[in-house]
Each structure stands twice: as structure tokens, then as C-alpha cells.
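When a residue number appears, it is its place in the shown sequence, counting from 1. Just follow the structure's listing: the first ligand is 1, and inside any ligand the first atom is 1.
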Amino acid sequence: MARRKKKFPCGHQGYGQVCHKCQQKESDRVRRKRQRQAWEESFRYDPIDLKHLPKNVVIKTRRIISQLRQDSNYRRFKGKRLRHNRSIISIPINRDYRLICRDEGAQVLPETVISHQDYNVCKPGSAK
Ligand SMILES: [Zn+2]
């Protein structure tokens with residue numbers, strides 16, 4: 001007895017009781033939703049707010065922060081002290097972003113991530 005394809009209410013054709021195309025689509029949707037939730041929850045563990053940043057910047061920043069915890073030598077990330085405030089260290093994340101840290105003597109603490117644009121403009125009193 002040959003199985004015959006049937007047409008489901010959704011418009012797809014296939015075998016069985018439910019449409020496998022739609023089932024697949026639904027499970028993909030659920031999986032993506034879980035991934036998105038896990039990504040959103042991951043920000044709770046960051047010492048500084050990274051939510052507004054592109055994903056690749058977030059991942060790279062987290063890596064630098066965790067490596068700085070183990071060894072505060074910021075120079076291996078091409079970090080530099082600011083000329084006008086020697087206790088502030090600027091570490092390039094990529095071409096567009098900098099991780100700003102404060103030198104606390106024994107450790108280098110992350111403070112914020114700013115875009116290259118903010119970094120160069122930085123006019124006092126101007127809107128961010
Ligand atoms: Zn379907």
C-alpha cells in the first residue's frame with residue numbers, strides 16, 4: 001500500500017498526521033527564541049552594561065574582561081593610559097569600540113564601552 005502525499009490545511013504537502021515543514025519551522029522558532037533568551041540573560045553576569053553593543057563586540061569585550069581578571073596587564077590588548085587621566089586605560093576592542101578601564105593598582109576594572117565616535121568627540125555637556 002503506497003503512501004500518498006496529502007495536502008495539509010497550511011498548504012504544504014507531505015505524509016503523516018501533521019505537516020513536517022510546519023513542525024520544523026515551529027521547532028526552529030522555539031530554538032531561536034531560547035537562544036535569544038539565553039543571550040539576553042547572559043548580560044546579567046557582565047560587570048558593566050554591554051546590552052547596547054553589537055554581538056561581536058560583546059563577545060570580544062567579555063573575553064578581554066575575563067583575561068584582565070586573571071592578569072591585569074592591559075598592554076597585551078594594546079591598551080593605553082589616557083594622557084589627561086593616567087588612571088584611565090583605553091583598550092581597543094575593534095575599529096569602532098574601546099573598553100574603558102580604571103587602574104585600581106592591583107587590578108584593572110572595566111568601567112564602560114564607548115564607540116570610537118564618543119571617544120573622539122567627548123565634548124563636556126554634549127548629549128551622548
Ligand atoms: Zn505546513
Side-chain angles (χ1 to χ4, degrees):
M1 209 170 74
R3 292 206 302 166
R4 286 189 56 197
K5 270 193 178 180
K6 66 177 178 187
K7 197 163 183 175
F8 295 105
C10 58
H12 293 129
Q13 287 183 16
Y15 305 105
Q17 294 299 310
V18 291
C19 171
H20 290 288
K21 279 184 184 149
C22 286
Q23 216 176 31
Q24 185 62 47
K25 227 162 107 180
E26 175 62 12
S27 74
D28 285 349
R29 193 185 66 80
V30 170
R31 189 168 42 82
R32 276 197 302 272
K33 193 179 168 191
R34 282 208 199 100
Q35 281 174 344
R36 198 166 54 238
Q37 280 170 344
W39 175 247
E40 277 161 19
E41 278 175 26
S42 71
F43 290 99
R44 282 194 295 167
Y45 306 104
D46 293 324
I48 56 173
D49 185 19
L50 303 176
K51 268 186 186 165
H52 56 292
L53 300 166
K55 195 166 186 172
N56 62 326
V57 174
V58 171
I59 290 166
K60 199 157 175 212
T61 303
R62 283 177 179 163
R63 197 162 59 219
I64 294 174
I65 289 174
S66 94
Q67 286 173 339
L68 279 174
R69 267 195 205 121
Q70 289 158 31
D71 175 0
S72 64
N73 177 15
Y74 56 87
R75 285 182 199 89
R76 64 199 160 124
F77 306 112
K78 297 186 168 67
K80 286 180 187 148
R81 288 178 188 276
L82 297 193
R83 216 169 289 166
H84 61 274
N85 188 342
R86 306 293 292 170
S87 68
I88 304 295
I89 293 156
S90 167
I91 297 171
I93 297 166
N94 62 15
R95 282 181 54 216
D96 300 321
Y97 289 93
R98 301 274 180 282
L99 171 63
I100 302 299
C101 298
R102 183 175 293 276
D103 185 1
E104 293 281 318
Q107 50 188 165
V108 170
L109 294 178
E111 292 242 296
T112 187
V113 174
I114 57 173
S115 72
H116 194 60
Q117 208 179 353
D118 290 340
Y119 184 76
N120 286 335
V121 177
C122 252
K123 286 179 197 144
S126 69
K128 216 177 162 186

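- Counting only distances under 2.8 Å, and ignoring water, the protein N, O or S atoms around the Zn ion (ligand 1) are Cys10 SG, His12 ND1, Cys19 SG, Cys22 SG.
- Judged by distance alone, with hydrogens and angles left aside, the side-chain atoms of Asp46 form no donor-acceptor pair with the main-chain N or O of Asp49 at under 3.5 Å.
- Of the possible polar contacts, one joining the Lys6 side chain to the Gly16 backbone as a donor-acceptor pair under 3.5 Å is found.
- Side-chain atoms of Asp28 and Gln24 include a donor-acceptor pair closer than 3.5 Å.
- Only one option out of Lys25, Glu26, Lys21, His20 pairs with Gln23 in a side-chain hydrogen bond (donor to acceptor under 3.5 Å, both in side chains); it is His20.
- Checking Thr61, Ile100, Ile65 one by one against Val113, the side chain to side chain contact (heavy atoms under 4.5 Å, CB included) holds for a single residue, Thr61.
- Every residue was checked against the ring-ring contact (aromatic ring centres under 6.0 Å, His included) condition with Phe8, not counting sequence neighbours, and none meets it.
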